[in-house]
Amino acid sequence: RAKLEGRNSYRLYSVTLDAQEHLWLTMETALRNAIDSGHGLSLYYQPLVELSSNQVVSIEALARWHDPQLGDIQPSDFIPLAERSGLIQPLSQLLMRSLARQLRQWLDEGLQPPPVAINLSVQQFWQQSLVSDIKALYQEFALPKGILNFELTESVLLNKQSQAIALLKELRALGCDIAMDDFGTGYSSLSYLHELPITTLKIDQSFIQQLGDNLGSETILAAITGMAKGLKLKVVAEGVETNAQREALTHHQVDLIQGYLICSPQPAPAFSHQYLR
Ligand code: C2E
Ligand code: MG
Ligand code: MG
Ligand code: MG
């Protein structure tokens with residue numbers, strides 16, 4: 001009997017694995033087709049509002065993928081998939097080009113987009129051609145200096161610190177603001193935070209959403225804003241959903257907020273219609 005159960009559970013296990021593997025393969029093929037054809041992949045745009053002026057002073061671009069068979073796939077699924085399957089470089093090229101093209105279009109329409117940040121995964125950050133690719137986009141689309149910003153998570157900056165610092169300096173020389181994304185969730189090494197040539201700390205939404213529920217999260221917020229002020233870094237709160245959260249963030253002198261309270265990420269036409277002049 002024990003043997004039978006063992007065999008059954010083994011079979012169940014292997015069937016599950018096969019199904020999982022099959023799904024990954026289907027998704028990988030679909031992603032490759034999307035990248036090759038340029039269909040189904042796009043960027044949505046979400047405003048960042050300065051609390052002191054109530055103005056939209058920057059934007060985050062977020063990748064979206066809709067496949068006719070698979071439906072909507074989340075970036076938290078397809079970015080890691082792209083990294084595993086060697087597709088991150090062409091995907092990255094496509095997204096950065098589409099951002100540059102969008103900015104050029106808005107500028108040509110006489111609109112004045114503030115700087116737009118795009119997220120970089122580990123492999124994107126360490127891509128040999130990153131800096132030259134960015135320079136090439138600035139040239140090709142005649143973009144104003146500093147209009148492209150970047151967001152990196154703590155884990156990206158964890159390894160190879162001296163090389164990371166050198167690379168960040170090159171990006172800063174192009175006028176790019178660099179935010180450390182999801183701050184507080186990774187293995188932040190506070191000892192070298194002051195050595196990183198970044199401009200912004202983006203407090204992870206998990207802290208923001210606990211504001212009001214427990215005193216701990218407000219204590220952490222106060223510590224982060226205090227430290228950021230000392231290090232002359234801008235502080236952004238992501239995932240702001242309620243007015244109570246906004247008030248707490250105002251109280252702790254957070255510089256910028258982003259979240260559903262203001263607006264969810266929008267496709268380019270809806271975004272420009274609502275936010276660009
Ligand atoms: P992230 O960079 O931390 O982006 C913030 C996420 O929070 C986005 O999820 C956004 O849609 C969502 N969000 C915004 N406001 C709120 C809110 O008020 N409440 C809640 N609950 N969520 C909010 P999304 O678009 O699904 O992206 C997830 C993650 O995928 C991003 O986290 C980022 O790490 C990654 N990602 C997205 N686009 C790209 C991209 O173009 N390249 C790379 N490398 N990564 C990307
Ligand atoms: Mg981000
Ligand atoms: Mg984030
Ligand atoms: Mg996040």
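Throughout, numbering of the chain's residues begins at 1 and tracks the sequence. Excluded from the calculations below are hydrogen atoms, water molecules and symmetry mates; all remaining heavy atoms, backbone and side chain alike, are included. Just so you know, ligand 1 is whichever comes first in the structure, and atom 1 is the first atom listed for that ligand.
- The distance from ligand 1 to the heavy atoms of Q46 drops below 4.0 Å at these ligand atoms: 14 (C), 15 (N).
- Using a 4.0 Å cut-off between a side-chain N of Lys or Arg and a carboxylate O of Asp or Glu, R97 and E140 qualify as a salt bridge.
- The residues K234 and E50 are annotated as not salt-bridged, no charged nitrogen and carboxylate oxygen being separated by less than 4.0 angstrom.
- At least one heavy atom of R64 sits less than 4.0 Å from an atom of ligand 1.
- Taking a 6.0 Å sphere around CD of Q139, one finds it holds 12 or fewer heavy atoms contributed by other residues, nucleotides or ligands.
- Of the heavy atoms in A63, both backbone and side-chain atoms come closer than 4.0 Å to ligand 1.
- When non-hydrogen atoms are compared, ligand 1 lies under 4.0 Å from neither the backbone nor the side chain of K202.
- In terms of distance to the Mg ion (ligand 3), the nearest N, O or S atom of D182 is named OD1.
- Atom OD1 is the N/O/S atom of D181 found closest to the Mg ion (ligand 3).
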Before giving the answer on side chain to side chain contact (heavy atoms under 4.5 Å, CB included), spell out for I165 and L196 the whole-Å C-alpha distance, their side-chain angles and the decisive distance to 0.1 Å.
CA-CA 6 Å; I165 288 170; L196 291 177; 3.8 Å; yes
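- A 4.5 Å side-chain heavy-atom check between L103 and L148 finds at least one atom pair inside the cut-off.
- The name of the N, O or S atom in E60 nearest to the Mg ion (ligand 2) is OE2.
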Begin with the C-alpha distance, continue with both residues' side-chain angles, and end with the deciding distance and a verdict on side chain to side chain contact (heavy atoms under 4.5 Å, CB included) for L256 and V57.
CA-CA 8 Å; L256 313 181; V57 294; 3.4 Å; yes
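- Atoms of ligand 1 found under 4.0 Å from any heavy atom of L95 (numbered from 1 in listed order, with element): 41 (O).
- Annotation for ligand 1: atoms under 4.0 Å from non-hydrogen atoms of E60 are 2 (O), 4 (O).
- Using a 4.5 Å cut-off between side-chain heavy atoms of Ile, Leu, Val, Met, Phe, Trp and Tyr, with links allowed through other members, M96 and W106 fall into the same hydrophobic cluster.
- Under 4.0 angstrom from ligand 1, the non-hydrogen atoms of D182 all belong to its side chain.
- Ligand-side atoms of ligand 1 in range of D181: 1 (P), 2 (O), 3 (O), range being under 4.0 angstrom from any heavy atom.
- Close contacts of ligand 1 with G259, meaning ligand atoms under 4.0 Å from a residue heavy atom, involve 15 (N), 18 (O).
- Put simply, part of Q209 is less than 4.0 Å from ligand 1, judged by heavy atoms.
- Residue Q258 places no N or O, backbone or side chain, under 3.5 Å from any N or O of ligand 1.
- Sorting the N, O or S atoms of E238 by how far they are from the Mg ion (ligand 3) puts OE1 first.
- The number of heavy atoms from other shown groups lying within 6.0 Å of NE2 (H251) does not exceed 12.
- The side-chain heavy atoms of P75 and R64, taken from C-beta on, include a pair separated by under 4.5 Å.
- The angle subtended at the Mg ion (ligand 2) by OD1 of N119 and OE1 of E151 is 100°, given to the nearest 10°.
- The nearest non-hydrogen atom to atom 37 (C) of ligand 1, considering only S121, P75, A61, comes from P75.
- The heavy atom nearest to atom 44 (N) of ligand 1, considering only Q205, E83, Q124, is found in Q124.
- Here I79 has side-chain heavy atoms under 4.0 Å from ligand 1, and that is the only part of it that gets that close.
- Rounding to the nearest 0.5 Å places CG of L48 at 11.0 Å from CG of D255.
- Residue Q163 places its CD atom among more than 12 non-hydrogen atoms of other residues, nucleotides or ligands, all under 6.0 Å distant.
- Around atom CD of E241, more than 12 heavy atoms belonging to other residues, nucleotides or ligands sit under 6.0 Å away.
- Each of the atoms 3 (O), 5 (C) of ligand 1 lies under 4.0 Å from some heavy atom of E238.
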